[in-house]
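If you're wondering where the values come from, they're calculated on a predicted model, not measured in any experiment.
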Amino acid sequence: MTTCLITRPTAHQATPLSHEGEELLLHCSGAPRSVAELAALLHQPVQVMKVLIGDLLDCEALELTNPDGPAADGNVPILEALLDGLRKL
């Protein structure tokens, strides 16, 4: 559910898509979105989104991505120190 996806630049040149597929690609263009977030935006159960996402991954309209976050900034040692501190509690 936390897997992030983004629309590939060539997505709209792929096979014709359903209305839901087009809407999902629109929500994923510009910024990565998680599966859970997409399910909420499209008012669909996560299981339905997984099937739709699988189809879009198969036709290479979507790709998996990692959003920029704390680990991307090189804060891994800080996060490890925080985790060690929490374990000691």
Side-chain angles (χ1 to χ4, degrees):
M1 287 189 18
T2 60
T3 300
C4 290
L5 304 146
I6 195 162
T7 302
R8 294 178 63 103
T10 58
H12 296 288
Q13 299 170 359
T15 333
L17 302 171
S18 66
H19 172 71
E20 292 83 6
E22 289 288 341
E23 196 172 357
L24 193 146
L25 290 178
L26 179 66
H27 284 296
C28 289
S29 61
R33 302 271 186 167
S34 71
V35 174
E37 185 178 8
L38 291 167
L41 287 168
L42 296 175
H43 306 290
Q44 295 289 332
V46 172
Q47 294 81 0
V48 171
M49 293 306 302
K50 287 181 179 180
V51 171
L52 183 57
I53 288 168
D55 292 344
L56 292 172
L57 286 170
D58 287 345
C59 72
E60 298 181 349
L62 281 177
E63 66 182 60
L64 301 174
T65 185
N66 290 323
D68 293 337
D73 295 334
N75 291 330
V76 174
I78 293 171
L79 293 173
E80 288 175 347
L82 176 63
L83 183 59
D84 289 339
L86 290 172
R87 286 184 180 143
K88 292 178 183 177
L89 292 177

Student: Answer with yes or no whether the hydrophobic clustering places Leu24 together with Val35; edges join I, L, V, M, F, W, Y residues whose side-chain heavy atoms lie under 4.5 Å apart.
Tutor: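 Same hydrophobic cluster.
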Student: Going by salt bridge (charged side-chain N to carboxylate O under 4.0 Å, His left out), name the pairs with one or both residues in residues 41-53, residues two or more places apart or in two chains.
Tutor: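 Every pair satisfying salt bridge (charged side-chain N to carboxylate O under 4.0 Å, His left out) with a residue in residues 41-53: there are none.
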Student: Hey, what else clusters with Leu83 if you join Ile, Leu, Val, Met, Phe, Trp, Tyr whenever side-chain heavy atoms sit under 4.5 Å?
Tutor: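 Besides Leu83, the hydrophobic cluster comprises nothing; the residue is isolated.
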Student: Side chains of residues 38-48: which donor-acceptor partners sit under 3.5 Å, not counting sequence neighbours?
Tutor:
none

Student: Distance check, rounded to the nearest 0.5 Å: Arg8 atom CZ versus Leu56 atom CG?
Tutor: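 The distance works out to 12.0 Å.
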Student: For Pro32 and Thr65, work out which heavy atoms get closest and say how close.
Tutor: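 Residues Pro32 and Thr65, closest heavy atoms: CB-CG2, 3.5 Å.
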Student: What pairs of residues pass the side chain to side chain donor-acceptor pair (under 3.5 Å) test when at least one of them lies in residues 26-35, not counting sequence neighbours?
Tutor: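 As it turns out, the side chain to side chain donor-acceptor pair (under 3.5 Å) pairs with a partner in residues 26-35, which skip direct neighbours, are Arg33-Glu37.
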Student: If you compare all heavy atoms of Ser18 against all heavy atoms of Leu52, which two are closest, and at what distance to 0.1 Å?
Tutor: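 Smallest heavy-atom distance, with atoms named: OG-CD1, 4.3 Å.
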Student: With sequence neighbours left out, what residues match Leu57 under side chain to side chain contact (heavy atoms under 4.5 Å, CB included)?
Tutor: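 Leu5, Ile53, Leu62, Leu64.
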Student: For Glu23, what residues pass the salt bridge (Lys or Arg N to Asp or Glu O under 4.0 Å) criterion, not counting sequence neighbours?
Tutor: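 If we apply the salt bridge (Lys or Arg N to Asp or Glu O under 4.0 Å) test to Glu23, skipping adjacent residues, there are no hits.
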